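Since this is a predicted model, take the numbers as computed values, not measurements. Here is the naming used below: chain letters follow the sequence lines, and residue numbers restart at 1 for every chain.
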Amino acid sequence: MLRTHNCGALRKEDIGKEVLLAGWVNRRRDHGGVIFIDLRDRWGLTQLVIDSNQQEIYQHANAVKSEFVLQVKGIVRARPEGLANLKLPTGEIEVAVSEVIILSESKPLPFEIEEKNETDESLRLHYRYLDLRRTRMQKNLMLRHQVCQSVRRFLSERQFIEVETPFLTKSTPEGARDFLVPSRLNEGSFYALPQSPQLFKQILMIAGYDRYFQIAKCFRDEDLRADRQPEFSQVDIEMSFVEREDIFELIETMMKNLFYEALGIQLETPFPRMSYDEAMNCYGCDKPDLRITCTIDDLSSLLEGKIEVGSKTDSWNGLFLQKWKDFSRKKADLLSQMAKNAGVSLSYIKFAKEEGTSPLKNKIAEQTWRKIIEKYPFQEDSLLLIAWGDRQKVLSFLGNLRINLGEELNLIQNQFKFCWIHDFPLFEWNLEENRWDSMHHPFTAPLLDQLDQLNIDPSKVKAQAYDIVLNGFEIGGGSIRIHRSDLQEKIFQLLNLSEGEIQQKFGYFIEALQYGCPPHGGIALGLDRIMMLMSGEISIRETMAFPKTQKGTCLMSGAPSPVSDDQLMVLGIQLRNKKGPKLI
RNA sequence: GGGGUCGUGGUGUAGCCUGGCCAAACACGUCAGCCUGUCACGUUGAAGACCGCGGGUUCAAAUCCCGUCGACCCCGCCA
């Protein structure tokens with residue numbers, strides 16, 4: 001071994017020991033007669049001391065620069081009286097160096113490892129190996145490791161087994177765009193990288209494995225966002241002979257366990273639940289941030305027909321803000337403009353000096369006015385925003401406003417607020433292609449008492465699907481699956497897939513369903529998003545070792561890159577547009 | 001496909017709105033000297049950017065305009 005201890009290990013108890021340490025030079029402080037070097041590895045910092053009366057070592061240490069990799073031999077000793085550094089776990093000791101070996105040198109750095117100021121992200125990604133040396137990334141990746149360990153331990157204890165599923169698999173045009181991989185052995189045919197291991201895990205249930213999990217890489221060729229990368233990780237789970245409640249209980253316990261083990265935080269279970277309809281009505285979206293307490297209220301019964309409005313109006317909704325001190329005419333105009341852009345009408349009631357004022361005041365009857373005022377706990381600087389128009393537009397506008405104002409008015413407390421959203425619609429109408437799409441995926445079971453509705457009005461059918469939401473982010477989703485081939489085929493038909501397409505795309509799966517499929521269901525959790533929230537980051541890139549840019553490139557390796565004609569030839573591929581980027 | 005923000009020594013920023021005082025300022029880093037107890041060491045000095053790139057307007061452009069490239073945020077998209 002090149003070392004006897006790591007750089008975070010030594011304590012008072014080790015005083016007097018001769019030790020070997022190895023690590024990076026975090027910082028050198030040269031006092032003329034004495035040189036201090038902070039040696040760093042992922043466990044910590046240890047101060048090395050080199051005295052000028054040891055001429056040879058002193059000369060050597062003089063040549064040492066930031067981020068050189070050193071091996072040193074020395075004696076652990078106590079720091080002089082009053083000179084301990086209480087900020088460091090190793091701060092009571094130092095190592096008096098008797099031998100220094102420079103294992104490797106470092107060029108001057110493109111940015112400092114110590115995070116004195118934000119570094120441009122593209123630079124960080126280009127030199128990711130330097131960025132990963134920083135405390136922030138080390139903390140994030142170590143926490144991620146802990147979380148993965150915790151998940152594995154928990155699920156293993158609950159009798160789940162981890163099974164790997166293939167990356168080279170079959171393209172299914174439903175859902176996200178696939179990443180394709182050409183097959184050399186089958187010219188003209190392509191594998192697709194999995195968008196999720198969905199069918200494999202269901203087939204594992206058919207195969208009788210009963211409880212499966214995997215920390216699975218998934219691939220989706222869609223545009224990127226702060227919380228979306230083209231490849232990402234899911235904690236993928238599937239169980240046989242279960243109902244929704246079993247999945248909820250499992251995940252709640254797992255989360256509770258996980259947050260306690262990794263962060264020392266006690267979560268309260270069960271998590272609040274609400275139906276999709278309730279979420280849309282009260283929060284204007286299907287992933288409500290419950291850290292913001294205000295909700296969207298239905299004012300239709302109060303205001304319907306009470307005010308003359310020109311346009312078609314099928315919904316009146318309110319958003320009540322306990323206190324908005326600097327709400328001004330200017331702000332009101334700005335909000336109205338935003339509302340107009342969103343295609344809805346907006347007004348407000350502002351409360352000050354024990355009285356409500358509003359542009360609407362003269363337009364509604366005294367009685368109606370009083371009813372509204374009584375509905376809310378108005379106090380100084382309270383504000384009720386009232387929006388009306390097309391129901392969906394109103395709800396989505398107020399939903400967005402709720403989030404924006406939550407941030408602007410500092411209504412968001414620093415805490416973890418989970419909830420379950422359930423009873424999603426089974427289908428949504430695809431305007432472009434004039435047909436039904438699965439809202440979750442086509443393998444999701446409808447609520448059993450609504451099977452008749454499938455033939456009458458598919459839009460009314462709810463699915464046995466659920467999402468888990470944390471602080472306004474969808475961190476997971478799942479469903480109870482269809483386990484009967486006749487129902488599965490019926491769903492495919494409703495999705496306007498021909499018999500031929502069904503056979504060609506999902507034939508193997510339909511067939512598998514015909515050989516004794518247990519009722520089953522599961523969930524997939526977005527590991528990167530969970531890590532982002534646990535680490536307090538605002539992008540999942542900070543939770544991945546080597547993320548991609550918004551254009552899907554890796555600034556360190558330069559992927560994706562063109563390939564040679566020879567490589568294409570072997571695959572039987574010819575580029576349609578020869579103008580692509582040139583080979584270097 | 002669309003909307004927006006940003007791009008100034010190695011790093012982070014100031015300057016840009018209101019063109020000339022900018023052959024560009026500050027902090028960190030780098031290099032060299034001094035200093036035996038620092039830990040964001042101190043101190044003295046030095047080097048280092050023609051302002052992402054291309055074009056235009058102007059007597060004059062880091063600053064205004066157009067285009068382009070890159071990073072980021074958002075809409076669409078993400079079963």
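- Projected onto RNA chain B by closest heavy-atom contact, A/Arg529 and A/Arg79 fall at different nucleotides, the more 5' of which corresponds to A/Arg79.
- Base pairing analysis places B/rC16 opposite nothing; no Watson-Crick or G-U wobble pair with both distances below 3.5 Å involves it.
- Closest to the side chain of A/His31, out of B/rC28, B/rC31, B/rG37, is B/rG37.
- Contact annotation: the side chain of A/Phe473 never approaches that of A/Lys287 to less than 4.5 Å [non-hydrogen atoms, C-beta and beyond].
- Atom pair A/Lys65:NZ and B/rU30:P shows a separation of 9 Å (rounding to whole Å applied).
- Within 4.0 Å of A/Ser479, counting heavy atoms only, lies no atom of the nucleic acid at all.
- What you find for A/Asp236 and A/Pro197 is that their closest heavy atoms are OD2-CG, 3.4 Å.
- As rounded to whole Å, 10 Å separates atom C1' of B/rA27 from atom CD of A/Glu112.
- Contact annotation for A/Glu94: base contact, defined as any heavy-atom pair under 4.0 Å involving a base atom.
- One can place CD of A/Glu121 at 13 Å from C1' of B/rC6, the figure rounded to the nearest angstrom.
- Nucleic acid contact class of A/Thr444 (heavy atoms, under 4.0 Å, all strands): none.
- Using P as the reference atom, B/rC26 and B/rG48 are 15 Å apart when rounded to the nearest Å.
- For A/Asn430, the side-chain contact (heavy atoms from CB on, under 4.5 Å) partners two or more places apart in sequence, or in a different chain, are A/Glu432, A/Glu433, A/Arg435, A/Asp437.
- Ion pairing between A/Glu67 and A/Arg40 holds under the 4.0 Å rule for side-chain N and carboxylate O.
- Scanning atom types as modelled, one donor and one acceptor separated by under 3.5 angstrom connect the side chain of A/Arg225 and the base of B/rG76.
- One atom, NZ of A/Lys551, and another, P of B/rG1, lie 10 Å apart when rounded to the nearest Å.
- Residue contacts shown for A/Gln47 include a base, since a base heavy atom lies under 4.0 Å away.
- Between the side chain of A/Arg77 and the base of B/rG37, at least one donor-acceptor pair of N or O atoms lies under 3.5 Å.
- Proximity of A/Arg27 to the phosphate of B/rC41: a side-chain N or O atom is located under 4.0 Å from OP1 or OP2.
- Under 4.0 angstrom from either OP1 or OP2 of B/rU30 there lies at least one side-chain N or O belonging to A/Ser66.
- With both ends at atom C1', the span from B/rG45 to B/rC35 equals 15 Å, rounded to whole Å.
- Nucleic acid contact for A/Asn85: base, since at least one base atom lies under 4.0 Å from a heavy atom of the residue.
- Contact of A/Glu114 with B/rG29 (side chain to base): no donor-acceptor pair of N or O atoms is detected under 3.5 Å.
- Rounding to whole angstrom units, CG of residue A/Asp120 and P of B/rC72 are separated by 9 Å.
- Contact of A/Arg220 with B/rC78 (side chain to base): no donor-acceptor pair of N or O atoms is detected under 3.5 Å.
- Among all heavy-atom pairs drawn from A/Ser535 and A/Asn140, the shortest one is CB-OD1, 3.4 Å.
- Straight-line distance from the CD atom of A/Gln550 to the C1' atom of B/rC77: 13 Å, rounded to whole Å.
- Nucleic acid contact for A/Leu125: none, since no nucleic acid atom lies under 4.0 Å from a heavy atom of the residue.
- Between A/Arg28 and A/Asn53, the residue whose closest nucleotide on RNA chain B is further toward the 5' end is A/Asn53.
- A 3.5 Å limit on both hydrogen-bonding distances identifies B/rU5 as the Watson-Crick or G-U partner of B/rA71.
- Distance A/Asp38 CG to B/rG37 C1': 13 Å, rounded to the nearest Å.
- With both pairing distances under 3.5 Å, B/rC22 is matched to nothing as a Watson-Crick or G-U wobble pair.
- Here the C1' atom of nucleotide B/rC78 and the NE2 atom of A/His441 are 15 Å apart, to the nearest Å.
- Across all strands shown, B/rU30 is found opposite B/rA46 as a Watson-Crick or G-U wobble partner, with both distances under 3.5 Å.
- No hydrogens or angles were tested; on distance alone, a donor-acceptor pair under 3.5 Å links the side chain of A/Asp223 to the base of B/rG76.
- Stacking of the aromatic ring of A/Phe111 onto the base of B/rU11 is not found under the criterion of centres within 5.5 Å and planes under 30°.
- Residues A/Leu39 and A/Val25 come closest through the heavy atom pair CD1-N, 4.3 Å.
- For the OP1/OP2 pair of B/rU38 and a distance below 4.0 Å, the side-chain nitrogens and oxygens of A/Arg29 include no atom meeting the criterion.
- At the heavy-atom level, A/Pro80 lies under 4.0 Å from base atoms of the strands shown.
- Few gaps surround CD on A/Gln138; more than 12 heavy atoms of other groups in view lie less than 6.0 Å from it.
- Pairing for B/rA40 is absent, judged as Watson-Crick or G-U wobble with the two contacts each under 3.5 Å.
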